[in-house]
Amino acid sequence: MGAPGSGKGTQASALAERYGIPAISTGDIFRANIKQGTELGQQVQAIIEAGEYVSDEITEAIVADRLGQDDCAHGFLLDGFPRTMSQVHFLDRYLQAESTGLDAVVSLQVNPDALVDRLLDRAQVEGRGDDTEDTIRRRMEVYAGQTAPLLYHYENQGILVEVDGTGTVEEVRQRMFAALDRQSVN
Ligand code: AMP
């Protein structure tokens, strides 16, 4: 978990590689559907470009479908999910039904001023439709209002791993690996 621009996607790939598990990014799934012009893509494009969240119903259905695929049988990493309390409960129920659970929830922490700069830089490189200044501001608000409070849920479960997300990609990666080792995640 982490605010927009905290480096979630980049670090998710590094973690997935380290543990030999798939990284599942709901944002990537939505973007791929938008690009391919699928019905789902058409449903979610305007919402994403406004910086709002896609409905829980749609997002949870996508995650359930993805987690049911064979490559998730021995573990997976979720990037950008859950983002609402409904999604947290959905995931808890889903994992309970599978007699499994989360080993850790990584929270990447970056000071908000640095985030806007990072996102505006990314806009130049990737050209994402939701990296405009207004949308970035809205995404920050939505994250702070709806997603940041979820960290308490995982803190109470004793699985929250907070990582300072400032510095180079490599520095953050090493910090995150060390924190997970301390938590005995393997
Ligand atoms: P991301 O690539 O994780 O920054 O996600 C990009 C956008 O996709 C978000 O700003 C949301 O509009 C949408 N999105 C991704 N994951 C979720 C989620 N778990 N719940 C609702 N909307 C999501």
Side-chain angles (χ1 to χ4, degrees), residues 1-16 22-69 72 76-95 102 105-110 112 114-154 160 163 165 169 172 176:
M1 297 178 72
S6 60
K8 263 186 298 118
T10 306
Q11 300 299 344
S13 304
L15 269 187
I24 299 166
S25 157
T26 41
D28 280 352
I29 294 173
F30 291 139
R31 278 185 291 279
N33 277 274
I34 292 171
K35 206 167 161 193
Q36 289 159 20
T38 66
E39 199 181 322
L40 170 68
Q42 287 168 19
Q43 254 176 319
V44 302
Q45 182 165 15
I47 300 169
I48 291 179
E49 287 179 1
E52 305 294 336
Y53 282 170
V54 174
S55 74
D56 289 325
E57 199 186 352
I58 292 178
T59 310
E60 290 165 9
I62 281 169
V63 170
D65 176 65
R66 184 64 189 85
L67 292 184
Q69 293 174 23
C72 294
F76 52 82
L77 178 118
L78 289 165
D79 161 13
F81 184 95
R83 268 175 150 108
T84 65
M85 210 50 189
S86 164
Q87 294 176 15
V88 165
H89 293 316
F90 160 83
L91 186 61
D92 281 347
R93 279 196 310 273
Y94 182 95
L95 295 175
L102 297 174
V105 172
V106 177
S107 164
L108 287 178
Q109 299 174 321
V110 181
L115 291 176
V116 178
D117 291 345
R118 279 192 188 184
L119 287 169
L120 290 172
D121 283 349
R122 182 172 76 186
Q124 312 263 321
V125 181
E126 292 181 21
R128 264 176 59 161
D130 59 352
D131 277 344
T132 63
E133 204 160 344
D134 281 351
T135 304
I136 289 170
R137 206 163 295 125
R138 180 63 192 145
R139 285 163 59 212
M140 298 287 186
E141 278 172 13
V142 174
Y143 180 82
Q146 296 203 47
T147 303
L150 309 183
L151 296 175
Y152 296 109
H153 177 82
Y154 292 119
L160 183 65
V163 177
V169 169
V172 177
M176 179 176 65

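Just follow the structure's listing: the first ligand is 1, and inside any ligand the first atom is 1.
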Under 3.5 Å donor-acceptor, E60 side chain and F90 backbone: no

Salt bridge (charged side-chain N to carboxylate O under 4.0 Å, His left out) against R118, all qualifying residues, sequence neighbours excluded: none

Donor-acceptor pair, side chain of S107 and main chain of G2, under 3.5 angstrom: no

Under 3.5 Å donor-acceptor, T135 side chain and D131 backbone: no

L67 side chain near V63 side chain, heavy-atom distance below 4.5 Å: yes

N/O to N/O under 3.5 Å, ligand 1 against protein:
unit_1	atom_1	unit_2	atom_2	d
ligand 1	2 (O)	R31	NH1	2.9
ligand 1	2 (O)	R31	NH2	2.9
ligand 1	3 (O)	K8	NZ	3.3
ligand 1	3 (O)	R83	NH1	3.0
ligand 1	3 (O)	R83	NH2	3.1
ligand 1	4 (O)	R83	NH2	3.4
ligand 1	4 (O)	R128	NH2	3.3
ligand 1	12 (O)	E52	O	2.6
ligand 1	16 (N)	T26	OG1	2.7
ligand 1	16 (N)	G80	O	3.4
ligand 1	16 (N)	R83	NH1	2.8
ligand 1	19 (N)	G80	O	2.9
ligand 1	19 (N)	Q87	OE1	3.0
ligand 1	20 (N)	Q87	NE2	3.0
ligand 1	22 (N)	V54	N	3.1

E141 with R137: basic N within carboxylate O range, under 4.0 Å: no

